[in-house]
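The structure under discussion appears below in the form of structure tokens.
Everything numeric in this text was worked out from a predicted model, so none of it was measured. Side-chain atoms are counted along with the backbone in the values below, which use heavy atoms only and exclude waters and symmetry mates.
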Amino acid sequence: MRTQARGRVRGPVRVWRAKTVVSAVAAVGAAAVLAAGCTLETGRDGDGKRSGSGGRVLAVKIDNVGPARPQTGLDAADVVYVEQVEAGLSRLMAVYATKPPPVVGPVRSARETDLDLLRQFDRPALAFSGAQGKLLPLIDAAPLRPLPPGKAPDKAYYRDGGRPAPHNLYLRPGELGARPEASGLDSTGFTFGPRPAGGTPETRRTVRFPSARFTFTWVEYEGRWHIAMDGTPARTTAGKALSAATVVVQRVDIRDSRFHDRSGNSSPLTRTVGSGTARVLRDGRSYEARWERGSAHDGTEFSTPQGKPLDFAKGPVWVVFTKA
């Protein structure tokens, strides 16, 4: 019997795929959180005021240019989203629900893409270094808890003197007061189970951005895809190889947004609502897939070309958004 779960889990979790039931559960869950505050703790923000400091998942924007590597705490993420940013470079959004690490970083700024992507979660906490001035009001108005320096508790962020700015800002998740839960990932739309029939044997795939590339190599004895960035094996600061149980190469609409960086480069906007095609890598095989996300409040469902749910392998999921 197949075990399904929306989001990565470490044990069996029953879920319902029907959107009406998911919506009802989400509504009840949101009401319960507002009424009882059972998944939130209060902390002091930068002005010393008491404030709710988290939701059922913690999302962290992580730097991903050469001087930012190796990163810290990325191996503990349940889901890692790979986004294209200015000048064709990449940035990561790591989502933590099961076991946030002691330290995560380097932390960098948020983008407009993050707002729709995060709406699938129940008022998530978002840790980031800042954002373009005109984007900040949209972040403040979004259904999430923005926790950049100044809004987060005083001890949550620190600078690593051994790294150059701006690649030296780090986060202590435990200081945020957030208490993520594995159930916070139920809304992703992901399902997990045995390897689907079919697929094509594949042990290596490279995904290219204009100024970045990612290579995923299947390591049979580990049952994981090892990750290389710009031709170099990706490791944590502790020397651990970064890996994923499932890799999703999701083909999406990427276009210029209304925002620009300080150099005048347009900030790409990745549209994650809609439908399209994807390539799912698991168990040393490659599967052509369809993806569908009806609204920003929905998760993304992946299916085979025949319309059957396409299960992921249990473990970390990396989703790479590439231009359709």
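- When only modelled atom types and interatomic distance are considered, Asp298 and Ser295 share a side-chain donor-acceptor pair under 3.5 Å.
- Considering every non-hydrogen atom in both Leu58 and Val60, the closest pair reads CG-CG2, 3.9 Å.
- Partner of Trp225 under the ring-ring contact (aromatic ring centres under 6.0 Å, His included) criterion, out of Trp218, Phe312, Phe216: Trp218 alone.
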* Asked: Does the side-chain contact (heavy atoms from CB on, under 4.5 Å) test come out yes or no for Arg69 and Gln71, once each step is laid out?
  -> CA-CA 5 Å; Arg69 301 171 189 156; Gln71 293 100 337; 3.9 Å; yes
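- Between Tyr170 and Tyr157, a ring centre-to-centre spacing not shorter than 6.0 Å is recorded.
- A chain of hydrophobic side-chain contacts below 4.5 Å, direct or via other Ile, Leu, Val, Met, Phe, Trp or Tyr residues, connects Tyr81 to Trp291.
- Put simply, OG1 on Thr215 and NE2 on His226 are 13.5 Å apart, with the number rounded to the nearest 0.5 Å.
- Neither side chain, Asp75 nor Thr236, offers a donor N or O lying under 3.5 Å from an acceptor on the other.
- Ile254 and Val319 fall within the same hydrophobic cluster, defined by Ile, Leu, Val, Met, Phe, Trp and Tyr side-chain heavy atoms under 4.5 Å apart, directly or through other members.
- Taking a cutoff of 4.0 Å between a charged side-chain nitrogen and a carboxylate oxygen, Asp116 and Arg271 do not qualify as a salt bridge.
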Open item on the list: Please evaluate residues Glu288 and Arg279 with respect to the criterion salt bridge (Lys or Arg N to Asp or Glu O under 4.0 Å), reporting the C-alpha separation (whole Å), side-chain torsions for both, the decisive distance (0.1 Å), and the verdict.
Closed with: CA-CA 5 Å; Glu288 190 62 31; Arg279 179 69 64 171; 2.8 Å; yes
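- Side chains of Asn64 and Arg91: a donor-acceptor N/O pair is absent below 3.5 angstrom, by distance only.
- If you check the side chains of Thr200 and Ser286, you find no donor sitting under 3.5 Å from an acceptor.
- Without hydrogens or angle criteria, Ser211 side chain to Ala87 main chain gives a donor-acceptor distance under 3.5 Å.
- When atom types are taken as modelled, the side chain of Asp283 and the backbone of Arg285 share no donor-acceptor pair closer than 3.5 angstrom.
- Hydrophobic clustering (ILVMFWY, side-chain heavy atoms < 4.5 Å, transitive): Ile227 and Leu89 are in distinct clusters.
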Open item on the list: Between Asp78 and Val317, is the side-chain contact (heavy atoms from CB on, under 4.5 Å) condition met? List the steps.
Closed with: CA-CA 6 Å; Asp78 296 282; Val317 177; over 6 Å; no
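- Taking 4.5 Å as the limit, some side-chain heavy atom of Val65 sits within range of a side-chain heavy atom of His167.
- Using a 4.5 Å heavy-atom cutoff, the side chains of Asp230 and Phe214 are not in contact.
- A donor-acceptor contact shorter than 3.5 Å is absent between the side chain of Arg213 and the backbone of Met229.
- Taken from CG in Asp114 to CD in Glu112, the straight-line distance is 9.5 Å, to the nearest 0.5 Å.
- Checked by atom type, the side-chain pair Thr217/Arg204 shows a donor-acceptor distance below 3.5 Å.
- Note that CD of Glu83 is 5.5 Å distant from OG1 of Thr113, once rounded to the nearest 0.5 Å.
- Between Arg108 atom CZ and Lys61 atom NZ the span is 10.0 Å, to the nearest 0.5 Å.
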Where do Arg224 and Val219 land on the side-chain contact (heavy atoms from CB on, under 4.5 Å) test, with the steps shown first? CA-CA 6 Å; Arg224 292 288 180 93; Val219 179; 5.6 Å; no
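- For the pair Tyr158/Val103, a side-chain contact is recorded, criterion being any heavy-atom separation below 4.5 Å from C-beta on.
- Note on Val249: it does not cluster hydrophobically with Val85, by side-chain heavy-atom contacts below 4.5 Å among ILVMFWY residues.
- Contact between Ala77 and Pro316 at its shortest, heavy atoms only, is O-CB, 3.9 Å.
- Counting all heavy atoms, side chain and backbone alike, Ala152 lies closest to Leu147 at CB-O, 4.0 Å.
- Using modelled atom types and a 3.5 Å distance limit, the side chains of Ser187 and Gln120 yield no donor-acceptor pair.
- Between Leu185 and Val57, some side-chain heavy-atom pair lies under the 4.5 Å cut-off.
- Using a 4.5 Å heavy-atom cutoff, the side chains of Pro146 and Leu126 are not in contact.
- In terms of heavy atoms, Tyr287 sits closest to Pro196 at OH-O, 2.8 Å.
- Side chains of Arg255 and Asp253 form a contact here, defined as non-hydrogen atoms less than 4.5 Å apart.
- In this structure, the side chains of Arg235 and Leu242 stay at 4.5 Å or more apart for every pair of heavy atoms.
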Task: Evaluation steps, salt bridge (Lys or Arg N to Asp or Glu O under 4.0 Å), between Arg56 and Asp122 - done: CA-CA 7 Å; Arg56 292 193 298 156; Asp122 178 18; 3.8 Å; yes
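- A continuous path of ILVMFWY side-chain contacts below 4.5 Å connects Val252 to Val248, so both sit in one hydrophobic cluster.
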Go through the steps to decide whether Glu86 and Arg111 satisfy the test salt bridge (Lys or Arg N to Asp or Glu O under 4.0 Å), and finish with yes or no. CA-CA 10 Å; Glu86 299 80 12; Arg111 293 294 184 273; 2.9 Å; yes
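- Here the side chains of Met93 and Leu117 are in contact, with some heavy-atom distance below 4.5 Å.
- With rounding to the nearest 0.5 angstrom, the CZ atom of Arg282 is 10.5 Å from the NZ atom of Lys314.
- Side-chain contact annotation: Ser275 with Arg293, donor-acceptor N/O pair under 3.5 Å absent.
- Of all non-hydrogen atoms in Val273 and Gly294, the two that sit nearest each other are CG1-O, 3.9 Å.
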Yes or no on salt bridge (Lys or Arg N to Asp or Glu O under 4.0 Å) for Lys151 and Asp140, after CA distance, side-chain angles and deciding distance? CA-CA 11 Å; Lys151 288 189 176 182; Asp140 289 337; 2.7 Å; yes
Are Leu115 and Leu135 close enough, and set up right, to give a side-chain contact (heavy atoms from CB on, under 4.5 Å), and what steps lead you there?
CA-CA 10 Å; Leu115 301 184; Leu135 179 59; 4.2 Å; yes
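- Judged by distance alone, the side chain of Thr246 and the main-chain N or O of Ala313 form a donor-acceptor pair under 3.5 Å.
- Pro233 and Gly231 make their closest contact through CD-O, 4.1 Å (heavy atoms, listed as atom of the first residue, atom of the second, distance).
- With hydrogens and angles left out, the side-chain atoms of Ser109 and Ser129 include no donor and acceptor closer than 3.5 Å.
- Of the residues Arg251, Gln84, Gln250, the one that meets the side chain to side chain contact (heavy atoms under 4.5 Å, CB included) test with Phe321 is Gln250.
- Rounded to the nearest 0.5 Å, atoms CG (Leu169) and CG (Asp63) are 10.0 Å apart.
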